[in-house]
Amino acid sequence: MTAVFPALFLALAPIQGPLTPDDAGDRVADRVVLRDGTILLGQVRPGPSAEVEVVVRRSWVEEHLPDRAEAWSDRDRRARRQAQEARVRRLGQWRLERRVADEGRADPIRSWIDAELSRLDRPEDEQPFPLMVVSVPRREVASIDEQPEHRRRMLRQGWRAGFEAVESMTEDRLRAGLQDRGFAQGASDPAPIDDLLPVPAERDRRWLARRASTEALTDADLRLIRFGDLVLPEPGPGKPLDPSQMADAVGNIAGQLLGDRPAVDPIKPYLDRIERSGRIGVVVTVLHLSPGFERVAVEAILLIRTGPGRWETGTRRRAEVRSADVPAQDGRRLAEDPQVQAAMRLLQGFGLGRSDPQAQQLGLAVGAATQLALNQARTALEADLNSVALRIDRRTPGPPESPDGAAR
């Protein structure tokens with residue numbers, strides 16, 4: 001439906017012996033070499049400037065670095081305890097604040113919070129976490145060799161699949177194993193690994209981003225579309241815009257053409273409603289048209305409520321498409337959309353739509369460009385949200401498997 005707005009306006013090999021610093025090969029894991037010659041294979045992640053943090057597979061550390069494994073495990077255990085206490089507190093607050101409009105409706109987030117609080121109440125040593133984070137003082141690090149993002153994603157997918165010795169696999173071998181398991185090879189799968197790690201220690205801002213992203217991915221009513229001063233709730237996949245909303249859209253566009261501007265930001269009532277429901281995340285898709293209609297830009301933005309009445313941008317993705325670069329058949333397909341046809345009839349009924357073929361062709365080209373830009377921006381934002389959001393579909397990791405799918 002969102003492509004209609006411009007038309008409305010116009011008409012994822014076991015190690016053989018110890019590794020040496022020269023054994024880079026074609027692996028997918030990042031490599032951190034310490035000054036004493038120790039090599040860590042895993043994934044480097046942002047951390048304090050005085051530390052280098054590396055996500056590693058616990059069994060890999062126990063096998064290859066047994067002299068360090070016990071000390072790292074003890075440190076990990078202490079950090080887990082503190083982080084777990086903070087997570088329990090935050091989850092309790094989230095549950096208390098969250099209010100859904102229909103109290104009789106099942107709430108997947110509240111159900112997940114209840115299950116998570118129950119899980120975190122169990123003794124921590126009973127929790128099987130395949131991965132751990134080790135912190136090494138930066139002064140002890142000789143070199144860091146990070147892999148490109150597509151290989152880093154494949155390593156995370158390999159961890160998710162439970163492949164053994166994935167850190168030393170070649171890219172080609174791992175890719176074949178992942179394809180056999182049905183893992184997506186594109187950037188659309190960010191391969192989150194939060195559920196394979198202990199609860200992390202994190203600042204309030206990071207927690208708010210997690211909470212907001214989880215809400216935006218789960219609650220269908222946390223999606224808005226904005227075009228100028230027009231703000232509408234985004235219909236669910238395959239759902240048409242309500243006829244009364246369509247009429248309101250045309251009326252708003254008519255007012256804009258006549259120079260009328262709302263006294264209050266039209267998005268405020270929606271944000272107020274979301275705040276009253278105790279939620280803190282919303283995705284706003286903003287459509288922009290160049291003055292001559294040659295280009296369409298779309299921004300997909302996650303807004304995070306950081307305080308009473310205070311909304312801040314969490315992450316945003318922008319895509320821009322030139323109308324002239326859209327294949328003509330895309331415009332023809334859009335013209336056959338019943339929603340577009342209804343919108344054009346409404347426009348003409350209000351005296352706003354031009355019926356001449358040239359104007360309609362331009363409107364459809366802009367609409368098709370908008371749809372392409374929408375898909376690009378939204379796909380990028382969805383990957384961002386998935387990389388941060390809590391996995392409310394959490395499952396206890398199963399036994400490790402080889403790339404051929406056999407459990408070990």
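No experiment lies behind these values; they were computed from the predicted model shown.
- Pairing each heavy atom of Pro108 with each of Ala106, the nearest pair is CD-O, 3.6 Å.
- Side-chain contact between Leu222 and Val283 is absent, with no heavy atoms from C-beta onward closer than 4.5 Å.
- To the nearest 0.5 Å, atoms CZ (Arg99) and CG (Leu96) are separated by 8.5 Å.
- Heavy-atom minimum distance, Glu167 versus Trp60: OE1-CD1, 3.6 Å.
- The only option from Arg211, Arg279, Arg90 that meets the salt bridge (Lys or Arg N to Asp or Glu O under 4.0 Å) definition with Glu97 turns out to be Arg211.
- In this structure the side chain of Pro200 never reaches within 4.5 angstrom of the side chain of Arg80, judged on heavy atoms.
- No salt bridge links Asp194 with Arg391; every basic N to acidic carboxylate O contact stays at or beyond 4.0 Å.
- Scanning for side-chain hydrogen bond (donor to acceptor under 3.5 Å, both in side chains) contacts around Glu70 gives an empty result, with sequence neighbours left out.
- Inter-residue side-chain proximity for Leu217 and Asn386 is flagged as met; some heavy-atom pair is nearer than 4.5 Å.
- For Arg35, the CZ atom is densely surrounded, since the number of other residues' heavy atoms within 6.0 Å is greater than 12.
- In terms of the side-chain hydrogen bond (donor to acceptor under 3.5 Å, both in side chains) criterion, residue partners of Asp272 (sequence neighbours excluded) are, by chain and number, Lys268.
- Across every non-hydrogen atom of Leu65 and Trp72, the tightest pair is CD1-CZ3, 4.0 Å.
- A donor-acceptor pair under 3.5 Å is formed between the side chain of Arg223 and the backbone N or O of Ala216.
- Ile193 has its side chain within reach of Leu196: a pair of non-hydrogen atoms, C-beta onward, lies under 4.5 Å apart.
- Side-chain contact between Val54 and Val133 is absent, with no heavy-atom pair separated by less than 4.5 Å.
- Among Glu299, Arg318, Arg226, the one residue that satisfies the side-chain hydrogen bond (donor to acceptor under 3.5 Å, both in side chains) test with His288 is Glu299.
- Residues forming a side-chain hydrogen bond (donor to acceptor under 3.5 Å, both in side chains) with Glu312 (at least two apart in sequence, or on another chain): Arg205, Thr306.
- Applying the salt bridge (charged side-chain N to carboxylate O under 4.0 Å, His left out) test to every pair with at least one member in residues 59-69, sequence neighbours left out, gives these pairs: Asp36-Arg68.
- When the side-chain hydrogen bond (donor to acceptor under 3.5 Å, both in side chains) test is applied to Gln82, no partner is found at least two apart in sequence or on another chain.
- When only modelled atom types and interatomic distance are considered, Glu171 and His150 share a side-chain donor-acceptor pair under 3.5 Å.
- One distance of note links NE2 of His64 with OG of Ser59; it measures 8.5 Å at 0.5 Å rounding.
- Salt bridge status for Arg31 with Glu146: absent, with no side-chain N to carboxylate O gap under 4.0 Å.
- Checked against ring pair (Phe, Tyr, Trp, His ring centres under 6.0 Å), Trp207 has the following partners two or more places apart in sequence or in another chain: Trp94.
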*Could you walk me through whether Leu302 and Asp384 pass the side-chain contact (heavy atoms from CB on, under 4.5 Å) test, one step at a time?*
CA-CA 10 Å; Leu302 173 68; Asp384 291 340; over 6 Å; no
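- Once rounded to the nearest 0.5 Å, the distance linking OG1 of Thr313 with CD1 of Ile301 reads 5.5 Å.
- In this structure a side-chain-to-backbone donor-acceptor pair under 3.5 Å is missing from Thr38 to Leu34.
- At a threshold of 4.5 Å between non-hydrogen side-chain atoms, the residues Gln376 and Val298 do not count as touching.
- A heavy-atom distance below 4.5 Å is found between the side chains of Glu234 and Thr285.
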*Residue pair Leu41, Arg27: steps toward the side-chain contact (heavy atoms from CB on, under 4.5 Å) verdict*: CA-CA 10 Å; Leu41 291 183; Arg27 53 177 165 69; 4.2 Å; yes
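- Nearest heavy-atom pair, Gly281 versus Ala212, reported as atom, atom and distance to 0.1 Å: CA-CB, 3.6 Å.
- Each of Arg152, Arg156, Arg45 was checked for a salt bridge (Lys or Arg N to Asp or Glu O under 4.0 Å) with Asp30, and the lone residue meeting it is Arg152.
- Within the model, atoms CG of Leu120 and CD of Glu85 stand 11.0 Å from one another, a figure rounded to the nearest 0.5 Å.
- Note: Arg119 CZ to Trp112 CH2 = 8.0 Å, rounded to the nearest 0.5 Å.
- Ionic pairing of Asp76 and Arg81 is not present here: no N-O contact between side-chain nitrogen and carboxylate oxygen is shorter than 4.0 angstrom.
- Checked for salt-bridge contact, Arg151 and Asp26 meet the test: a charged N lies under 4.0 Å from a carboxylate O.
- Looking at Ser118, its side chain never comes within 3.5 Å of a backbone N or O of Asp114 through a donor-acceptor pair.
- The distance from atom OG of Ser277 to atom CD of Glu215, rounded to the nearest 0.5 Å, is 7.5 Å.
- At least one side-chain heavy atom of Arg98 sits less than 4.5 Å from a side-chain heavy atom of Asp219.
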